[in-house]
Structure formats: structure tokens, C-alpha cells
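Because the structure is a prediction, the values reported are computed rather than measured. Each chain gets a letter, A, B and so on, in the order the sequences are listed, and its residues count up from 1.
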2 protein chains.
Amino acid sequence: MRALIVEDDQFHATYLQDALAEALPEVTEIFHATDGAAGEEEARAGAIGAIVMDLQMDRRNGIEAARTIWAERPQSRILFWSNYADDAYFRGIEQIVPEDSAYGYILKTASRDRLKLALRAVLAEGQIMVDREIHRRQKSAASPRTRLDDSEFAVLIDLALGLQDKLIAERRGMSLRTVQNRLLSLYEKLGVLSDLDDDLTLNKRVRALNRALVTRTINIETLDAAQRDLETWLSGRR
Amino acid sequence: MRALIVEDDQFHATYLQDALAEALPEVTEIFHATDGAAGEEEARAGAIGAIVMDLQMDRRNGIEAARTIWAERPQSRILFWSNYADDAYFRGIEQIVPEDSAYGYILKTASRDRLKLALRAVLAEGQIMVDREIHRRQKSAASPRTRLDDSEFAVLIDLALGLQDKLIAERRGMSLRTVQNRLLSLYEKLGVLSDLDDDLTLNKRVRALNRALVTRTINIETLDAAQRDLETWLSGRR
DNA sequence: AAACACGGTGCGGGAACCCGCAACATCTCT
DNA sequence: AGAGATGTTGCGGGTTCCCGCACCGTGTTT
């Protein structure tokens with residue numbers, strides 16, 4: 001069995017390599033890539049189905065790399081291992097994980113034992129495993145009064161890219177007014193107005209993006225990826 | 001001589017500790033804190049004037065910690081050591097560094113030798129030392145056609161918080177029209193329109209924030225800090 | 001079946017935004 | 001001193017945004 005580590009931090013990579021060797025004696029070879037693009041190539045070249053993937057990397061982040069890897073070999077097993085419990089990451093992963101594959105999400109702050117457990121569960125046994133912390137934030141970020149549903153999230157992405165209402169409507173197949181309703185509930189859920197500090201009025205659109213960022217609902221990688229999606233959509237439009 | 005390391009990543013902390021011991025034999029004690037708030041306390045309690053500070057940390061980031069440390073003991077020497085060369089960080093540091101202190105900024109990707117050099121230069125010799133990479137990005141981000149001047153940056157911050165033109169004008173002491181001129185040049189410099197992809201028109205305000213983020217002109221920590229600044233300004237206004 | 005909730009849609013209007021135009025003020029260069 | 005460059009400000013108007021109101025279709029409750 002061959003495994004691939006995609007991780008740009010030297011220390012984390014070696015630590016992970018040790019843990020992996022301990023947890024999975026059946027692994028015969030461990031490959032290593034330091035960014036998403038290189039990771040894709042390694043996985044392709046070595047036909048590797050067991051991958052540990054960092055999320056935040058320079059050239060190409062973990063989610064994008066995972067998307068192309070899964071597109072080529074949907075049964076690949078990928079354990080994501082990250083510094084942050086951002087909802088943005090989890091949403092991104094959930095969107096791309098194929099039916100018949102295994103994945104996991106574990107934080108770098110997890111203990112070595114828990115990391116090894118996750119390695120076994122996901123890479124060897126093919127289970128789904130999500131760090132408690134992430135599950136908590138994602139699920140209990142809780143009251144449906146606060147959590148965005150998919151269509152709201154889609155509109156948020158478009159808003160964050162700077163699209164105007166009309167274009168969002170076209171892209172998402174809604175009427176103009178419906179887009180505005182989504183925006184309304186976005187403003188509500190993101191707490192755009194609840195700045196009881198004052199009666200000061202804000203620019204809601206910008207404030208919405210601001211709030212989405214500081215609450216880790218989206219992050220800069222999200223924006224990067226969304227920008228690319230937008231461009232392909234634009235080119236296939238005319 | 002006593003030194004303090006403020007760093008939340010375990011591996012990086014021990015690596016740094018080793019390098020510090022090697023580079024500065026005159027250091028007798030090394031303290032360690034894992035977030036900004038704890039770092040402030042350690043520095044205060046131990047009256048420590050030689051500090052290595054990570055930037056991205058949970059409870060309180062490095063720049064904020066540095067600000068209060070320098071407020072209490074302006075002659076403290078601080079070497080910032082970070083994963084990223086974000087212009088946002090550098091701007092933040094430049095704004096708070098006192099006259100008669102030494103500081104440095106070095107990337108985590110730097111070689112061990114260069115790190116040791118920086119440790120000596122800043123903590124022992126009291127020099128100013130900035131990583132080449134950062135200096136390059138900051139200076140040559142280059143053509144004055146692209147780099148924001150201070151007043152543009154201030155307006156960008158306010159825009160990013162979601163303030164409307166009128167409030168920005170009041171806060172920065174400009175006329176409404178002047179604020180709008182600043183915004184105009186912001187749009188220009190951030191490349192809000194230069195999406196030659198299409199004739200599609202965007203929401204400039206949101207797009208400006210988007211561009212500022214993906215170009216690393218500001219980051220989420222910036223937004224956090226700016227929010228707090230805004231609140232104190234608001235409270236001192238009525 | 002009637003009543004109701006809920007989400008999508010159109011209309012209309014007030015507010016904010018974007019920006020061209022023009023009048024000044026300041027500063028620099030010759 | 002005059003010409004020019006640069007930055008600030010007011011005015012006006014076209015555009016987008018925000019959102020209350022009203023209407024409708026679908027699904028749920030009584």
C-alpha cells in the first residue's frame with residue numbers, strides 16, 4: 001500500500017510521516033508533495049489512493065487538489081489535516097466528496113493518538129471521520145436561525161465576488177427579487193445589522209462579506225476558488 | 001539575558017528555541033507563550049526585552065500583542081516570524097513600531113542560518129532587519145501606480161468595515177467628495193475594473209474588498225483589529 | 001375543503017453610490 | 001511671475017441597492 005502526504009510545512013510533514021508509519025504498517029512507500037499541484041501529479045503518477053492533505057498551501061490549495069484527484073479516481077481516500085476549523089473548508093470538502101469514497105477531517109492540534117486513529121479509520125478502513133471540533137462548529141453553529149443553507153451560501157459567494165444582483169439572478173437561475181430576498185436573510189444571519197453599538201448604518205453588501213470572513217464562513221481560499229468557477233461559467237455563457 | 005518566544009505551533013516553537021539557543025549563547029532563560037495575550041503577560045511579568053513573535057495566533061495576534069508590549073516598554077526588541085509575506089502584516093507592524101526600538105520580520109521558510117542571523121541582529125544588536133521577500137513585495141509591489149498610500153489605505157480599511165462614504169468622511173476628516181476620489185483611486189489600484197474578461201459590471205465596493213484580500217493587501221486579522229479601532233472611535237464620538 | 005404558512009415574484013420609491021464637470025488651492029518647475 | 005501638475009470640494013444625474021407591499025403557487029394543518 002502506498003500513501004501520499006501533501007503538506008508544505010517541513011516539520012508537520014515529517015511528524016506526519018512518522019505517525020503514518022506507526023499507524024499503518026501496511027504502508028510500504030510514502031510519497032511527499034509540498035503543494036496541491038505537485039500532489040495531484042504524484043497521486044496520478046503513482047496511482048495512490050491513500051492521501052493525507054494539508055489545506056492551506058501556496059500554489060494550489062488542498063480542496064482544489066482533492067477535487068481533481070477525486071475526479072480522476074473517485075475511490076481515493078483522503079484525510080484532510082488542517083490548522084483551522086473554518087466552516088468554509090468543511091463546506092468546500094463536502095461539496096466535492098464523491099459517493100463511494102472515504103475522507104476525514106482532523107485538526108493539527110489533535111493528539112498524536114487521535115491522528116493515528118484517524119489515519120487508520122480513513123486510509124485503511126475507508127470510514128468517514130470528522131474532528132469533533134469541526135463537527136461541533138459546523139452543526140451547532142447551530143440554530144438554523146444562524147446557519148446558511150446552500151442557496152444562501154451560493155448567493156453569498158457571488159456577492160463576495162462582487163457580482164451585482166442581476167448577474168447573480170442569472171447565474172443562479174432566480175429572479176432578481178428572489179436574489180434580494182436571499183441577501184436579506186444573509187444580512188440577517190450574518191449579523192450585518194445587529195451592531196447594536198449604534199444607530200450607524202452600514203453598507204450592507206460589504207459588511208456581509210466582512211462578517212462572513214470574520215466568522216470564518218468563507219475564507220480567502222474560498223474567494224480564489226470561486227473566482228475561477230466564475231470565470232469558467234462566464235466563458236461558457238455567451 | 002532573557003528571551004520570550006510567542007508561538008502557538010509546537011514544532012515551530014521547539015525549532016525556534018533550538019535556533020535561539022545556538023544563535024544567542026548569552027540568553028540564559030527562554031520563556032514561551034502560545035498566544036498573544038499570554039505573551040503580553042509573560043513579557044510584563046518577566047520584564048523581557050527580547051521577543052520572537054509569531055503573527056497568526058488564536059486568542060490575540062502578534063501585532064496586537066506587540067502593540068501593548070511596546071506601549072509598556074518601548075525599547076523592547078521584537079523579531080516577527082511568520083508564514084506569510086502579507087503586506088497587511090508589514091503595514092500593521094510599521095504603524096506600531098516605536099522610535100527607539102529594534103524589530104525584524106522574517107519568514108518561516110527562511111533557512112536556519114538566516115534565522116539565526118536575524119536573531120542576532122535584532123535581539124542582540126538592536127538592528128532593524130526585514131526579510132528580502134517582504135521588502136521586495138512591499139517596496140516593489142512596486143510602481144507607485146499600484147501601491148496604496150496611507151490615506152488610501154485608511155479609506156480602504158473603513159470601506160472594508162462596511163462604513164458608508166459619509167461616515168468615512170467624518171472619521172478621516174475629509175469631504176464626502178474626497179472620500180469618493182480616494183475610492184476611485186482604490187478601485188483603480190486594486191484592479192477592480194481591469195477584469196477584461198468581460199464587459200460585466202461589478203459592485204465596486206465589494207470587489208475592492210475582495211481584491212484587497214486576494215492580493216494580501218489586507219487580511220482577516222486586519223479586519224479584526226480595525227473593527228476594534230472603530231469601536232473605540234465610535235464610543236469617543238458622541 | 002378552508003385556512004394557513006412559506007417562498008418566489010413584480011412594482012415602486014427612497015437612499016446610497018459612482019463619477020463627469022468645473023472651480024479652487026497648493027506646490028513645483030522654469 | 002507664469003504655467004502646469006496635483007489634490008480638494010461642490011453639484012448634478014444616472015445607476016444600483018434595499019426593502020415594504022401585494023400577489024401568487026405549493027404544501028401543510030385543521
Side-chain angles (χ1 to χ4, degrees), chain A residues 143-196 198-212 230, chain B residues 143-196 198-212 230:
Chain A
S143 47
R145 206 178 317 290
T146 320
R147 178 155 179 87
L148 308 184
D149 64 37
D150 287 345
S151 98
E152 283 164 345
F153 192 76
V155 172
L156 172 60
I157 294 295
D158 288 349
L159 176 149
L161 290 173
L163 304 189
Q164 350 194 113
D165 297 0
K166 212 175 62 174
L167 241 192
I168 301 179
E170 179 187 343
R171 185 176 188 198
R172 302 299 177 188
M174 318 176 187
S175 84
L176 220 175
R177 193 63 182 84
T178 300
V179 171
Q180 294 173 332
N181 280 339
R182 290 285 141 75
L183 288 173
L184 218 51
S185 62
L186 273 180
Y187 299 154
E188 184 70 29
K189 291 186 178 177
L190 290 171
V192 167
L193 342 112
S194 86
D195 293 297
L196 306 176
D198 229 348
D199 56 346
L200 85 172
T201 57
L202 304 148
N203 182 308
K204 313 233 165 146
R205 291 198 148 221
V206 173
R207 189 63 181 176
L209 176 50
N210 179 313
R211 296 290 306 158
L230 172 64
Chain B
S143 48
R145 206 178 316 290
T146 320
R147 179 156 179 85
L148 310 183
D149 63 36
D150 288 343
S151 96
E152 283 163 346
F153 192 75
V155 171
L156 172 60
I157 293 295
D158 289 349
L159 177 150
L161 290 172
L163 304 189
Q164 6 194 98
D165 297 0
K166 212 175 61 172
L167 241 192
I168 301 178
E170 179 187 343
R171 187 177 186 200
R172 303 299 178 187
M174 318 176 186
S175 83
L176 220 176
R177 192 61 183 83
T178 300
V179 170
Q180 294 173 332
N181 280 339
R182 291 286 141 74
L183 288 173
L184 219 50
S185 63
L186 272 180
Y187 299 155
E188 184 70 29
K189 291 186 178 177
L190 290 171
V192 166
L193 342 113
S194 86
D195 294 296
L196 307 176
D198 229 350
D199 56 345
L200 85 171
T201 57
L202 304 149
N203 181 308
K204 312 232 166 147
R205 291 199 149 221
V206 173
R207 189 63 181 176
L209 177 50
N210 179 313
R211 296 289 307 158
L230 172 64

* Asked: Is the side chain of A:Lys189 donor-acceptor paired with the backbone N or O of A:Arg147 at a distance under 3.5 Å, no angle test?
  ->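 Yes: the side chain of A:Lys189 pairs with the backbone of A:Arg147.
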* nucleotides 14-21 of chain C: protein proximity per nucleotide (B base, S sugar-phosphate only, - neither; heavy atom, under 4.0 Å) -> --SSBBBB
Take atom [atom1] of [X] and atom [atom2] of [N], then tell me their distance rounded to the nearest Å.
| X | N | atom1 | atom2 | value |
| --- | --- | --- | --- | --- |
| A:Ile168 | C:dT9 | CD1 | C1' | 17 Å |
| A:Asp149 | C:dG7 | CG | P | 9 Å |
| A:Leu176 | C:dC11 | CG | P | 11 Å |
| A:Arg207 | D:dC18 | CZ | P | 15 Å |
| B:Arg182 | D:dG7 | CZ | C1' | 8 Å |
| A:Asp158 | D:dC17 | CG | P | 13 Å |

* For D:dT8, does OP1 or OP2 lie under 4.0 Å from any side-chain N or O of B:Thr178? ->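 For B:Thr178, the contact criterion (side-chain N or O under 4.0 Å from OP1 or OP2 of D:dT8) is not met.
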So, do [X] and [Y] sit near enough that their side-chain heavy atoms are less than 4.5 Å apart?
| X | Y | answer |
| --- | --- | --- |
| A:Leu156 | A:Leu190 | yes |
| B:Gln164 | B:Leu159 | no |
| A:Asp158 | A:Leu167 | no |

* **side-chain contact (heavy atoms from CB on, under 4.5 Å) partners of B:Asn203, counting only residues at least two apart** =>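 Listed in chain order: A:Arg205, B:Arg205, B:Val206.
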* Stepwise side-chain hydrogen bond (donor to acceptor under 3.5 Å, both in side chains) test for A:Ser151 and A:Arg172 -> CA-CA 9 Å; A:Ser151 98; A:Arg172 302 299 177 188; over 6 Å; no
